[in-house]
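Residue numbers begin at 1 in each chain, while the letters A, B, ... track the order of the sequences.
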Amino acid sequence: MTDVASLRSDLLAWYDARARTLPWRAPPGSGVRTDPYRVWLSEVMLQQTTVPHATPYFLSFTKRWPTVAALAAVDDGELMGAWAGLGYYARARNLLACARAVANDHDGVFPDTEAGLLALPGVGAYTAAAVAAIAFDRPANVVDGNVERVMARLFAVDTPLPGGKVELKRLAGTLVTDDRPGDWAQALMDLGATVCRPRSPLCLVCPVARHCQGLASGEPERFPVKGAKAPRPHRTGVAWVMRDGQGRVAVVRRPDKGLLGGMIGLPTSDWGEGPEVTDPVVADWRDAGAIEHVFTHFSLTLQVRVATAAAKDVIWLEEAEAMSALPTVFAKALVRAGGER
DNA sequence: CACGCGTGGTT
DNA sequence: TAACCAAGCGT
């Protein structure tokens, strides 16, 4: 009996009993609707980011900035520093732009429709649907990587990703109704995260196993089918740690666009060129070894060179302050140079 | 529409 | 350990 109604009631009953407790989530059936600001903030932080990694950032952000108006008033640099370590820094720039748009153009109130949310910076199809469903109880089709995987298995979809996304989204849409849309979206994502996992799915305890064509096929883990991925190139470069001898270190502000855009960084050579690199100023440079770092689309070996030196066109920061505000790749280099994150 | 864009945990 | 993976978005 794989009709929509029984599939829905099976999964919602499981969610009522087994929903994860998360700092941004109201318990199912509590009648409490989470503040749209918190739903939005959590959704942006969770884009391509695990719950354990995002959680401490969510807690510190909501403590420092309890409302969207408070967030909108923050300095750019302060916000980027607070985001350091969370990755995908365009999210932080868009987060601030979005908060300011809500504060200035919407009287501090989040739009309560999917279309209105979609118009905000950093809010795409997924986040608009998620906020509409979870914060405003709109029957939106919320499709993230979890939901794609659950649909691919439930309906044994053979079309490889990413081409198959259109079909998976259509299938997810057939299950959305006016009844408890926020809980439905979160139930699907919880199922994907804890039971219908990418590897070793727990089909024996799955509340919708009886509806699952992937399980019936005998190879549920085969879904979703994925296309070939491009190989990841390797690059090399040099990072210079310049100290002033009084506890400060030189950093630069990176351009707003591109890799680590808008963040502070250590002065570096270009990445990908040969090993011959000229040190930026005459000083007592010594080699502190190298660090390895893996970005989404390339890996990097960064040689770390250290000196006490003076330089122009840099910002001198207390070392502890720099350490906390630097993206991880540069924090690693600074640790290699003898600092502590 | 394919690509650029971080990081850390798991296998 | 190299590969894979995570509540995507903008261009």
Side-chain angles (χ1 to χ4, degrees), chain A residues 20 22-25 34 38-58 80 83-95 97-98 117-135 140-150 161-163 165-166 169 172 182 184-194 196-201 221 224 226-235 254-263 265 271 291-300 326-332 341:
Chain A
R20 288 179 291 175
L22 299 169
W24 46 84
R25 173 181 288 178
T34 303
R38 292 179 167 243
V39 176
W40 161 75
L41 180 61
S42 67
E43 292 299 343
V44 173
M45 287 183 167
L46 288 165
Q47 289 165 8
Q48 297 291 284
T49 304
T50 60
V51 166
H53 194 189
T55 295
Y57 287 85
F58 177 83
M80 299 309 285
W83 195 275
L86 198 48
Y88 283 136
Y89 298 98
R91 292 186 296 172
R93 300 194 301 275
N94 287 329
L95 189 84
C98 182
L117 290 159
L118 192 56
L120 295 169
V123 177
Y126 163 76
T127 303
V131 175
I134 297 168
N141 189 17
V142 181
V143 182
D144 70 339
N146 286 308
V147 177
E148 286 177 354
R149 183 172 58 257
V150 170
L161 295 180
K165 284 171 179 279
V166 175
K169 185 166 187 174
W184 174 252
Q186 295 180 91
L188 274 178
M189 292 191 283
D190 267 26
L191 186 75
T194 66
C196 197
R197 307 180 298 193
R199 283 171 291 190
S200 309
E221 203 169 344
K226 299 201 171 180
K229 54 269 168 202
R232 196 197 317 265
H234 185 262
R235 299 182 192 172
R254 298 176 60 86
D256 276 337
K257 301 204 171 197
L259 185 73
L260 308 173
M263 300 294 290
W271 298 347
I291 61 102
E292 301 290 333
H293 192 77
V294 181
F295 294 95
T296 306
H297 52 298
F298 67 96
S299 57
L300 175 69
L326 283 167
T328 298
V329 59
F330 294 123
K332 281 184 186 174
R341 173 81 133 171

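- In this structure, A:Thr50 does not reach the B:dT7 phosphate: none of its side-chain N or O atoms is under 4.0 Å from OP1 or OP2.
- Nearest-nucleotide assignment on DNA chain C puts the 5′-proximal partner with A:Leu46, out of A:Gly122 and A:Leu46.
- Taking every side-chain heavy atom of A:Pro198 into account, C:dA6 is the closest of B:dG8, C:dA6, B:dC5.
- Taking CZ of A:Arg25 as the reference point, atom CZ of A:Arg38 lies at 15.0 Å (rounded to 0.5 Å).
- Looking at A:Thr49, its side chain comes within 3.5 Å of the base of B:dG6 through a donor and an acceptor atom.
- The side chain of A:Lys229 contributes an N or O atom lying less than 4.0 Å from OP1 or OP2 of C:dC4.
- Distance from the side chain of A:Arg149 is smallest for C:dA7 among the nucleotides B:dG8, C:dA7, B:dG6.
- One can place CZ of A:Phe298 at 10 Å from P of B:dT7, the figure rounded to the nearest angstrom.
- Two residues, A:Arg199 and A:Phe295, neighbour DNA chain B, and the one matched to the more 5' nucleotide by heavy-atom proximity is A:Phe295.
- A donor-acceptor contact under 3.5 Å links the side chain of A:Arg20 to the base of C:dA7.
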Run the side chain to side chain donor-acceptor pair (under 3.5 Å) check on A:Glu43 and A:Tyr126 step by step: do they pass? CA-CA 9 Å; A:Glu43 292 299 343; A:Tyr126 163 76; 2.6 Å; yes
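- Ring geometry for A:Trp24 against A:Phe58 counts as perpendicular: the plane angle is over 60°, on a 0 to 90° scale with 30° as the lower cut.
- With rounding to whole Å, A:Glu148 atom CD is found 12 Å from C:dA6 atom C1'.
- The side chain of A:Glu43 approaches C:dA7 more closely than any other nucleotide in the set B:dG8, C:dA7, C:dG8.
- If you take CZ of A:Arg93 and P of B:dG4, they are 16 Å apart, rounded to a whole angstrom.
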